[in-house]
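Comments concern the structure below.
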Amino acid sequence: MARATQAIINLHALRENYQLAQNSAANSRAYAVVKANAYGHGVLTVANALSAMADGFAVACVEEAVALRQGGILLPIMVLEGAMDEQECQIALDLDLELVVHQQQQMQWLKDKTGTLKVWIKVDSGMHRLGFSGQQVPAVASDLRAMECVSQVQLMSHFACADEPDNDFNDYQMQQMHILSPMNLPWSMSNSAAILSRPDAHRDLVRPGIMLFGASPLKGHDATDLQLSHVMTLQSNVIALHRVMTGESVGYGQAFVAKQDSIIAVVAIGYGDGYPRGAVPGTPVVIAGQRCPLVGRVSMDMITVDVTHAQVKLGDAATLWGMGLSVDEVAKSCSTLSYELLCQLTQRVKFQYLGR
Ligand SMILES: *Cc1c(COP(=O)(O)O)cnc(C)c1O
């Protein structure tokens, strides 16, 4: 049998999660955020699975939007970082993309173009990453409106701390946006966390990302408490089982030394597949339905798991995250976020789609 390392992507669950985002912000449109290859899930399959229900999509850059158009996606596509050069502005016009405009240079590139482009002015409401300050926004809006190629101007911004709904900075950022109310423009503010925790930020358009993939956007909340269903299950199997005696070590750097006679399962997945090398001993792995602790270092192609207290045989399936083990829990064990784990699977992992 071939190497069993695979990511199983449940498209039913993806659609349910989109529906939950849409129902949570029932009076807003929702663009599914599918940047970074749909958070590692395979962008065209994900976009096709959502295209009958989504109001549109959002991606980071024009290249990602081009890939969607080339894949036959006709819905609106918002480009969150906007154009990187003048040629990308032309591509946006040709492919009917919606461009975020966050700095003056992007306005220069648009100035002499013709066509009908929807633009979103990025307002820096406090994150200080991208965008125009509130004071600049009215002038930017009137400059854009004066351009031949601009057919619609809307506002968008992004929360720095939406994963902590009690953080006062969220209120501060909302106040910064409300200062612009006299402009009477539609605005978009909510990522997944704000969709689930801040109805006052839903406004005209919401931008759900991580929640579509069934991971929790809110600190201290489990995806299942939030009614989200996991989409990716990362699996492999046990390719070797052996006994180590008290005092014997396992793997690189002798990082694990058996404190008692133990049984170690070797599972065919490693950092070469995108399983995090930073996973600490004790990170859970589900083998044949039983939670067992990772031991020793993560290798490029393999991990080692202590199965002394479980019933495990050669060939048994191992789940690294997904069904029966939330990616959020694994991420916590690796001092990272579900976002990073989902995005970093490598080419070597085979993808299998359910519910296409
Ligand atoms: C990635 C991104 C989102 C989606 O964020 P999630 O936390 O994944 O829901 C929304 N808006 C912008 C500007 C983004 O960059």
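Atom set for the values below is all heavy atoms of this structure, side chains included, hydrogens, waters and symmetry mates excluded. Read the numbers this way: they start at 1 and go in the same order the structure lists the ligands and their atoms.
Within the 3.5 Å criterion, the main-chain N or O of Asp222 finds a donor-acceptor partner in the side chain of Asp225.
At under 3.5 Å, a nitrogen or oxygen of Gly209, whether backbone or side chain, sits near a nitrogen or oxygen of ligand 1. At a 3.5 angstrom cut-off on N or O pairs, Arg129 does not count as close to ligand 1.
In the displayed structure, Gln260 atom CD is contacted under 6.0 Å by more than 12 heavy atoms of other residues, nucleotides or ligands.
At the top of the distance list for atom 7 (O) of ligand 1, counting protein heavy atoms only, stands Tyr339 OH, 2.6 Å. Of the protein's non-hydrogen atoms, Ser192 OG, 2.5 Å is the one closest to atom 9 (O) of ligand 1. In terms of protein heavy-atom proximity, atom 12 (C) of ligand 1 is nearest to His158 CE1, 3.4 Å.
The nearest non-hydrogen atom to atom 10 (C) of ligand 1, considering only Met189, Met78, Arg207, comes from Arg207.
Heavy-atom contacts of Ile210 reach the following atoms of ligand 1: 6 (P), 8 (O), 9 (O) (cutoff under 4.0 Å). Taking every non-hydrogen atom of Tyr39 and a distance limit under 4.0 Å, the qualifying atoms of ligand 1 come out as 1 (C), 4 (C), 5 (O), 6 (P), 8 (O).
Contact between Lys35 and ligand 1 is present, with at least one heavy atom of the residue lying under 4.0 Å from the ligand.
Of the heavy atoms in Leu80, only side-chain atoms (C-beta onward) come closer than 4.0 Å to ligand 1.
Checked against the 6.0 Å centroid criterion, the rings of Trp120 and His102 do not qualify as a close aromatic pair. When ring centroids are compared, Tyr39 and Phe213 come within the 6.0 Å threshold.
Separation of atoms CE (Met211) and CG (Leu20) is listed at 4.5 Å; rounding is to 0.5 Å. Here the straight-line distance linking atom OG1 of Thr233 with atom CG of Leu325 works out to 9.5 Å at 0.5 Å rounding.
Among Val307, Val266, Val305, Ile264, the single residue meeting the side-chain contact (heavy atoms from CB on, under 4.5 Å) criterion with Leu241 is Val307.
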